Engineer: 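Here's a structure for you.
Here the structure is a predicted model, which is why all the values come from computation and not from measurement. Proteins come first, then strands; the chains are lettered A, B, ... in the order of their sequence lines, and each starts at number 1.
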Protein chains: 2
Amino acid sequence: MPTPNAATRPDTPADLPEPLSEPSIEELRLEVVMGALGDPLRMGIVHKLLVDAEDFDHACGWFGLDRPKSSLTHHFRTLRDAGLIRQRQYGLERRSHVRVADLNARFPGLLALVADWAPQPE
Amino acid sequence: MPTPNAATRPDTPADLPEPLSEPSIEELRLEVVMGALGDPLRMGIVHKLLVDAEDFDHACGWFGLDRPKSSLTHHFRTLRDAGLIRQRQYGLERRSHVRVADLNARFPGLLALVADWAPQPE
DNA sequence: TTCTATGTACGAGTCTAGTCGTACTGATGC
DNA sequence: GCATCAGTACGACTAGACTCGTACATAGAA
């Protein structure tokens, strides 16, 4: 499990909580990212973050997902382990945002596809 | 293992064998496509088809995959069911090619990502 | 016809993902 | 102190993926 050093992250303001453990940019794997997006619930999470997130970080209650908390933990962790989202602890809440810069740098065009995604009708 | 001599490439689709059962363009789902690409073996198949295929259709022996035939059947079927490849029966061989036009129309940029993919180094 | 080559069908085993309930932790507020 | 709230950890269950061996179907060539 990769443990990135926040000191090497030049764009991280000092007043933000430390990001939780996540793969570095070099460790991002396209097949892992796509595997994580293979589940419609997770695809919907990333999609909603890209489309509806007006400010940056959102706790998982914001998504309005009707699943037990333990299931959400599983899916958010899968997304974070794949490198799709970054999570920070804000007091009680663990807020997430998409790693837009990292993903655009490694997989240009991928996030545009996710943003254009529409959930299965019916 | 040399490539089978390229089948005569009549530009009239009527001369080609009928494609095997596959989803229509409207039925293509991004999360299904990405789920199919979540396996490194399948990612490698599509990648090789995009990068190394000089002519159009290749039988699965062309890929040089060291797996039992029944495993390959499973993976190629998964790719076809997801809409990534089209398969046609040429006598004994079932040859495949990527549905480039369909995928570019529905998910522009996706195939470029797969073409840029590199297998996990060791 | 018989042999060979390509690939499917089927079944079984194993492994992992997804699901959920319950108990727990850690921060906030009374 | 105590209660509350967001989220994790853990265990269990289930369904599906991945794997493979074997048997079978079929096309083409000897």
Side-chain angles (χ1 to χ4, degrees), chain A residues 1 16-22 29 31-46 57-82 84-97 120, chain B residues 1-8 16-22 29 31-46 49 57-82 84-97 120:
Chain A
M1 196 57 61
L16 285 181
E18 200 69 6
L20 304 187
S21 161
E22 66 182 23
R29 296 290 311 164
E31 71 273 20
V32 175
V33 168
M34 289 199 172
L37 292 172
D39 183 90
L41 190 97
R42 291 193 295 260
M43 178 72 82
I45 289 173
V46 181
D57 297 28
H58 290 280
C60 72
W62 173 76
F63 295 86
L65 299 166
D66 188 21
R67 302 288 179 94
K69 292 185 294 179
S70 48
S71 295
L72 299 183
T73 297
H74 166 68
H75 287 293
F76 277 88
R77 180 183 188 86
T78 301
L79 288 173
R80 195 179 78 237
D81 286 347
L84 277 157
I85 63 173
R86 173 163 298 145
Q87 292 187 293
R88 286 192 170 91
Q89 195 78 31
Y90 286 80
L92 276 180
E93 294 178 338
R94 183 165 292 193
R95 301 187 195 164
S96 308
H97 69 264
Q120 179 90 291
Chain B
M1 45 220 82
T3 68
N5 54 347
T8 57
L16 292 176
E18 203 62 13
L20 303 188
S21 161
E22 66 182 22
R29 296 290 312 165
E31 71 273 21
V32 175
V33 167
M34 289 198 172
L37 292 172
D39 183 90
L41 190 98
R42 291 193 293 261
M43 178 73 82
I45 288 172
V46 180
L49 274 177
D57 297 26
H58 290 278
C60 73
W62 172 77
F63 296 85
L65 299 166
D66 188 20
R67 302 290 178 93
K69 293 184 292 178
S70 46
S71 296
L72 299 183
T73 297
H74 166 69
H75 287 294
F76 277 89
R77 180 184 189 85
T78 300
L79 288 173
R80 197 179 78 237
D81 286 347
L84 277 157
I85 63 173
R86 172 163 298 144
Q87 292 186 293
R88 287 191 169 91
Q89 195 79 28
Y90 287 81
L92 274 181
E93 293 178 338
R94 182 165 293 194
R95 301 188 195 164
S96 308
H97 67 265
Q120 179 91 291

Engineer: Under the rule for salt bridge (Lys or Arg N to Asp or Glu O under 4.0 Å), what residues qualify as partners of B:R29, not counting sequence neighbours?
Structural biologist: B:E31
Engineer: Tell me the interatomic distance from A:Y90, atom OH, to C:dT28, atom P, rounded to whole angstroms.
Structural biologist: 14 Å
Engineer: What are the two closest heavy atoms between B:L49 and B:S96, and how far apart are they?
Structural biologist: CD2-O, 3.8 Å
Engineer: Under a 4.5 Å cut-off applied to non-hydrogen side-chain atoms, are A:R86 and A:H97 in contact?
Structural biologist: yes
Engineer: Using salt bridge (Lys or Arg N to Asp or Glu O under 4.0 Å) as the criterion, list what pairs up with B:R67, not counting sequence neighbours.
Structural biologist: none
Engineer: Where along nucleotides 4-19 of chain C does protein come under 4.0 Å, by heavy atom, of base (B) or sugar-phosphate alone (S), with - for untouched nucleotides?
Structural biologist: -BBBBB--------BB
Engineer: Run the side-chain contact (heavy atoms from CB on, under 4.5 Å) check on A:I45 and A:L65 step by step: do they pass?
Structural biologist: CA-CA 9 Å; A:I45 289 173; A:L65 299 166; 3.9 Å; yes
Engineer: Which residues pass the salt bridge (Lys or Arg N to Asp or Glu O under 4.0 Å) test with B:R80, not counting sequence neighbours?
Structural biologist: none
Engineer: Working to the nearest 0.5 Å, report the span between CZ of B:R88 and CD of B:E93.
Structural biologist: 15.0 Å
Engineer: Taking heavy atoms of chain B and a 4.0 Å limit, find me the 5'-most and 3'-most nucleotide of DNA chain D within that range.
Structural biologist: D:dC18 to D:dA27
Engineer: Applying side-chain hydrogen bond (donor to acceptor under 3.5 Å, both in side chains), can you list everything that pairs with B:H75, at least two apart in sequence or on another chain?
Structural biologist: B:R42
